[in-house]
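Remember, it's a predicted structure, so these values are computed and weren't measured experimentally.
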Amino acid sequence: MAPTNVYFNHAVSTEQHLYEDLVVESLRFYGHEVYYLPREIVEEDKILGEDVQSTFGDSYQVEMYLDNVEGFEGEDLFSKFGVQVQEEATFTLALRTWERFISLDSNLATSLRPNEGDLIYFPLSGSLFEIRYVEDQNPFFQIGKLFVFKLKCSLFEYSGEDFDTDIDAIDLVEDQNAYTIQLTMAGGSGTYYPNEKISYNSSVIGEVVSWVPSTNKLTIKDVTRTLEVGDTLVGAGGASWNISSITDILTINANEGLATNKEFEDAESSYLDFSETNPFGEP
């Protein structure tokens, strides 16, 4: 004898399809257009299981519902490092939307659900959120099936990631926060273009942030080697100039008056020894 009534079924496929259609339609009515950015791990720390270097090159414009109707959650904390903004948000994404538009991306750790560590760009506030936790069973099996993901997110903190999504509002995050070097160029020709690769001796060593032809000032980021005066840098567009002077971010901050980065750098050089004979830098 069956434990449940054989004449009733809580998982009728036609009802499931109808309910899913209503869910997707509601998200398109009341949701917001956002961008989902899968994280690509370029280099991983095998011991700690962390990404040493990652990049965001793909973006998918989808609809999501913002559960926080009264604004972002979280609070602002005052610490010795300044004000820390800890805004949090919960986004609802339809399972059908995930499967149709995002799940086939090759950079996903798993294609079954959104991945922790991926980013969501919310154009309405210009905010970039990082997914911290994915709730995939809420609501719990309504009419026998799951229809949405709830993405619990916190405000993204930049830590050296590379952004190449071709969406200016998103790629601007890297330009404003990445470590940059300002170079004065001389004895060359051509024009460097933003976001193009810079090469030295046929090897890519960085990426252009900006180029000011009137002063021959070149600002680059993601630098992979130590640059010296006299080096010739070649842009992907054919520009070729020689370095006449170098100004790094420590020197720029030192000229602002309140910053002490340069002082700490100079003090560390004369106090701590990080050579091979003293790897832990003991005095």
Should Ile198 and Val234 be regarded as members of a common hydrophobic cluster, given that ILVMFWY residues are connected when their side-chain heavy atoms come within less than 4.5 Å of each other, either directly or indirectly?
no

I would like to know whether Glu116 and Val134 meet side-chain contact (heavy atoms from CB on, under 4.5 Å); could you show each step before the answer?
CA-CA 7 Å; Glu116 288 82 0; Val134 179; 3.7 Å; yes

Applying the 4.5 Å side-chain criterion to the ILVMFWY set and letting contacts propagate, would Leu112 and Phe141 be lumped into a single cluster?
no

Heavy atoms only: give me the nearest Val229-Ile246 pair and the separation to one decimal.
N-CD1, 4.0 Å

So, do Leu119 and Glu161 sit near enough that their side-chain heavy atoms are less than 4.5 Å apart?
no

State the CD-CG distance between Glu174 and Asp164, to the nearest 0.5 angstrom.
6.5 Å

Between Phe163 and Phe156, how do the two ring planes meet: parallel, tilted or perpendicular, split at 30° and 60°?
perpendicular

Co-membership, hydrophobic cluster, residues Leu104 and Tyr36, 4.5 Å side-chain
no

Please give me the minimum heavy-atom distance between Phe129 and Ala89, naming the atom from each residue.
CE2-CB, 4.0 Å

Only one of Val209, Val212, Val208 passes side chain to side chain contact (heavy atoms under 4.5 Å, CB included) with Leu218; say which it is.
Val208

Any heavy-atom pair between the side chains of Leu183 and Lys217 that's under 4.5 Å?
no

Residue pair Gln61, Ser59: steps toward the side-chain hydrogen bond (donor to acceptor under 3.5 Å, both in side chains) verdict
CA-CA 7 Å; Gln61 189 175 21; Ser59 62; over 6 Å; no

Report the distance from atom CG of Leu27 to atom OG1 of Thr92, rounding to the nearest 0.5 Å.
7.0 Å

In this structure, are over 12 heavy atoms from other groups packed under 6.0 Å from Asp168 atom CG?
no

So do the side chains of Tyr35 and Ile120 get within less than 4.5 Å of each other, counting heavy atoms only?
no

What one should report as the nearest heavy-atom pair of Ser103 and Leu108 is O-CD1, 3.6 Å

Work out which heavy atom in Ala239 is nearest to a heavy atom in Gly190; give both atom names and the distance.
CB-C, 3.6 Å

Give the ring-plane orientation class for Trp211 versus Trp241, where under 30° counts as parallel, over 60° as perpendicular and anything between as tilted.
tilted

The reported gap from CE in Met64 to OG1 in Thr90 (rounded to nearest 0.5 angstrom) is 12.0 Å

Linking I/L/V/M/F/W/Y whenever any side-chain heavy atoms sit under 4.5 Å apart, do Val24 and Tyr60 land together?
no

Taking all non-hydrogen atoms of both residues into account, name the closest pair between Lys197 and Asp162 and its distance.
NZ-OD2, 4.5 Å

Got more than 12 heavy atoms from elsewhere within 6.0 Å of CD, Gln142?
yes

Looking only at side-chain N and O atoms, does Asp58 offer a donor or acceptor that is under 3.5 Å from a partner on Asn107?
yes

side-chain hydrogen bond (donor to acceptor under 3.5 Å, both in side chains) filter on Asn216, not counting sequence neighbours, yields none

Please check if atom OH in Tyr193 has more than 12 non-hydrogen atoms from other residues, nucleotides or ligands closer than 6.0 Å.
no

List the atom of Thr232, the atom of Tyr200, and the distance in Å for their closest heavy-atom pair.
O-CD1, 3.3 Å

Could I get the full list of side-chain contact (heavy atoms from CB on, under 4.5 Å) partners for Arg132, not counting sequence neighbours?
Glu130, Ser154

Spacing of Asp118 atom CG and Ile102 atom CD1 [to the nearest 0.5 Å]:
9.0 Å

Leu95 side chain reached by Val23 side chain, heavy atoms, under 4.5 Å:
no

Can you list the steps and then say if Phe91 with Phe122 is a ring-ring contact (aromatic ring centres under 6.0 Å, His included)?
CA-CA 10 Å; Phe91 294 91; Phe122 189 48; 5.7 Å; yes

Less than 4.5 Å apart, side chain to side chain, heavy atoms only: is that true for Ile220 and Tyr192?
no

Measure the spacing between CG of Leu18 and CD of Gln16 and express it to the nearest 0.5 Å.
11.0 Å

Side chains of Pro38 and Asn115 in contact at under 4.5 Å (non-hydrogen atoms)
no

Just say parallel, tilted or perpendicular for the rings of Phe147 and Tyr19, cut-offs at 30° and 60°.
tilted

Same apolar cluster: Leu22 and Phe29, side chain cutoff 4.5 Å
no

Please indicate whether Arg225 has more than 12 foreign heavy atoms, meaning atoms of other residues, nucleotides or ligands, lying under 6.0 Å from its CZ.
yes

Exam field: side chain Glu135 to backbone Gln137, donor-acceptor pair closer than 3.5 Å:
yes

Partner set under side-chain hydrogen bond (donor to acceptor under 3.5 Å, both in side chains) for Asp175, not counting sequence neighbours
Lys221

Can you list the steps and then say if Ile143 with Val12 is a side-chain contact (heavy atoms from CB on, under 4.5 Å)?
CA-CA 8 Å; Ile143 62 175; Val12 180; over 6 Å; no

When rounded to the nearest 0.5 Å, the distance separating CD of Glu15 from CD of Glu20 is 14.0 Å

